[in-house]
Amino acid sequence: MTLATLSDVLQPALREGYAVAGLVTLGWEDMQAYVAAAEAENCPVILQAGPSCRAHTPLPILGKMFRHLAEQATVPVVAHLDHGYTAEDCKIAIESGFTSVMFDGSRTPLQQNIDDTAKIAEMAHAAGISCEGEIGFVGYADGENSAGTDPEEAAKFARDSGVDAMAISVGNVHLQQDKEGGLDEPRIRAIEAVTEVPLVIHGGSGVPVAQRRSLSQRSKICKFNIGTELRMAFGTALREAVNSDPERFDRVSILKETHVPLVTATRQVLQGFKPL
């Protein structure tokens, strides 16, 4: 069994100069492909259940799915709650066997975010698992605008919340379909100068691959969340499978054809986070 906590995989990454991918899951097919890709690349992987995933499948079921895959895997697998917005979200995830929870209080004032996140971190640590928090606000493509992370606030948040990993807003955007942007490296350097906590980039699909690789090896960014990039790969494979035979209706046979293309796309993502 290779079920791991977030700290189990991020602390070695911090020490040795690489990053771990937090892969956003939506169902069984992508979860399987992500673990298969991680095994092929011989690297850890973080399976993430975000709000859209939870709207489709209840947390207790997701916990069992993640843990089953981890038990069969040959590499460390983290079962991670992504963007838990309430203490109840996090409590249910912990009770469902998740090994890491991300509490998102980024829309609230600094002190409230610290206080609320500290309670979740305490609850997670009491259960022997990890906690990620967010300081600054990471916006959405064609949606809410970002609010960049202030380094002084990041230092206070890291110190007072007790988180094991800290998501920051440094030019990253959720749901971005291209890689034409880029992260604010001076802001990243200012933040990592005042904290030892592993840093996390949400919206990693929108970050140029060369910058992802460079920051993985030469910064305290130890986790990149990747969702949109792989959802696009899955969608392309699914569309091709459906269109290849208009008479076919069995979804199992259709979905099987997404596996190899998604494993290939995921391996390419994982390769960009490996050490030199």
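Counting heavy atoms from C-beta on, the side chains of Leu47 and Val77 come closer than 4.5 Å. Within the 4.5 Å cutoff, the side chain of Leu59 has heavy atoms near those of the Leu81 side chain. Contact annotation: the side chain of Leu62 approaches that of Cys53 to within less than 4.5 Å [non-hydrogen atoms, C-beta and beyond]. Using a 4.5 Å heavy-atom threshold, the side chains of Met166 and Val200 count as separate. Taking 4.5 Å as the limit, some side-chain heavy atom of Ile188 sits within range of a side-chain heavy atom of Leu215. Residues Leu262 and Tyr34 are in side-chain contact: their nearest non-hydrogen atoms beyond the backbone lie under 4.5 Å apart. Annotation: side chain of Arg231 is in contact with side chain of Thr228 (closest heavy-atom distance under 4.5 Å). Looking at heavy atoms from C-beta onward, Val194 lies out of side-chain contact with Glu152 at the 4.5 angstrom threshold.
Leu238 and Leu23 end up in the same hydrophobic cluster when Ile, Leu, Val, Met, Phe, Trp and Tyr side chains are linked at under 4.5 Å. In the hydrophobic clustering of this structure, Val197 groups with Ile191; members are Ile, Leu, Val, Met, Phe, Trp, Tyr whose side-chain heavy atoms approach within less than 4.5 Å, directly or through other members. The cluster map of Ile, Leu, Val, Met, Phe, Trp and Tyr, joined by side-chain heavy atoms under 4.5 Å apart, puts Val170 and Phe157 in the same cluster. A continuous path of ILVMFWY side-chain contacts below 4.5 Å connects Leu183 to Ile168, so both sit in one hydrophobic cluster. The same ILVMFWY cluster, assembled from side-chain heavy atoms under 4.5 Å apart, contains both Ile92 and Phe103.
Considering OG1 of Thr266 and CG of Leu230, their distance stands at 4.5 Å, rounded to 0.5 Å. Taken to the nearest 0.5 Å, the NZ atom of Lys274 stands 12.5 Å off from the OG atom of Ser216. Taking CG of Leu255 as the reference point, atom CH2 of Trp28 lies at 13.5 Å (rounded to 0.5 Å). The distance from atom OG1 of Thr108 to atom CD of Glu134, rounded to the nearest 0.5 Å, is 10.0 Å. Atoms CD1 and CG, from Ile221 and Leu14 in turn, are 11.5 Å apart once rounded to the nearest 0.5 Å. Once rounded to the nearest 0.5 Å, the distance linking CG of Asp245 with CG of Asp250 reads 11.5 Å.
In terms of modelled atom types and a separation under 3.5 Å, the side chain of Lys220 and the main chain of Leu199 share no donor-acceptor contact. Of the possible donor and acceptor atoms, none in the side chain of Asn113 sits under 3.5 Å from a partner among the backbone N and O of Leu110. Remark: the backbone N or O of Thr195 is not paired with any side-chain donor or acceptor of Arg159 at under 3.5 angstrom. When atom types are taken as modelled, the side chain of Asp30 and the backbone of Leu26 share a donor-acceptor pair closer than 3.5 angstrom. Judged by distance alone, the side chain of Arg67 and the main-chain N or O of Phe98 form no donor-acceptor pair under 3.5 Å. Within the 3.5 Å criterion, the main-chain N or O of Ala73 finds a donor-acceptor partner in the side chain of Thr2. The backbone N or O of Phe234 lies less than 3.5 Å from no partner atom in the side chain of Thr258, so there is not a single donor-acceptor pair. The closest donor-acceptor contact from the side chain of His125 to the backbone of Ala121 lies under 3.5 Å. A donor-acceptor pair is defined here as one N or O able to donate and one able to accept, closer than 3.5 Å; such a pair exists between the side chain of Thr149 and the backbone of Ser169. Glu39 contributes a side-chain N or O that, together with a main-chain N or O of Thr74, makes up a donor-acceptor pair within less than 3.5 Å.
Scanning for side chain to side chain contact (heavy atoms under 4.5 Å, CB included) contacts around Asp160 gives Ile114, Lys156, with sequence neighbours left out. Under the rule for a side chain to side chain contact (heavy atoms under 4.5 Å, CB included), the partners of Arg239 that lie at least two apart in sequence or sit in another chain are Thr236, Asn243.
Under the 3.5 Å distance criterion, with hydrogens and angles disregarded, no donor-acceptor pair is assigned to the side chains of Asp89 and His83.
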Check: Going through the checks in order, is the side-chain contact (heavy atoms from CB on, under 4.5 Å) test met by His259 and Glu29?
Finding: CA-CA 7 Å; His259 183 76; Glu29 289 75 24; over 6 Å; no
Item checked: Residue pair Ser219, Arg189: steps toward the side-chain contact (heavy atoms from CB on, under 4.5 Å) verdict -> CA-CA 8 Å; Ser219 79; Arg189 299 306 178 192; 3.3 Å; yes
Note to self: Applying side-chain contact (heavy atoms from CB on, under 4.5 Å) to His80 and Leu6, what does each step give before you reach the verdict?
What the structure shows: CA-CA 8 Å; His80 180 74; Leu6 194 62; 4.3 Å; yes
Next item on the list: Under the side-chain contact (heavy atoms from CB on, under 4.5 Å) rule, what do Lys91 and Glu95 come out as? Steps first, then yes or no, please.
Entry: CA-CA 6 Å; Lys91 180 175 181 291; Glu95 291 173 347; 2.7 Å; yes
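Of all heavy-atom pairs spanning Cys90 and Val101, the tightest one is O-CG1, 4.1 Å. Annotation for Gly204 and Ile226: closest pair C-CD1, 3.5 Å, computed over non-hydrogen atoms. Closest non-hydrogen pair, Cys222 versus Leu10, comes out as O-CD2, 3.4 Å. Minimum heavy-atom separation, Ser130 to Asp164: CA-OD2, 3.3 Å. Nearest heavy atoms, Pro76 versus Val9: CB-CG1, 4.0 Å. The two atoms that bring Cys131 and Ile120 nearest to each other are SG-CG2, 4.1 Å, heavy atoms only.
Using the six-membered ring where Trp is involved, Phe224 and Phe273 have ring planes that are parallel, under 30° apart on the 30 and 60° scheme.
Under the side-chain contact (heavy atoms from CB on, under 4.5 Å) rule, Ser214 has a single partner from Arg218, Gln217, Gln211, which is Arg218.
Between Arg187 and Glu153 there is no salt bridge, since no side-chain N of the basic residue sits under 4.0 Å from a carboxylate O of the acidic one. The pair Glu132-Lys223 counts as a salt bridge, with a side-chain nitrogen and a carboxylate oxygen less than 4.0 angstrom apart.
Within the structure, side-chain hydrogen bond (donor to acceptor under 3.5 Å, both in side chains) pairs that include any residue of residues 9-24 do not occur (at least two apart or interchain).
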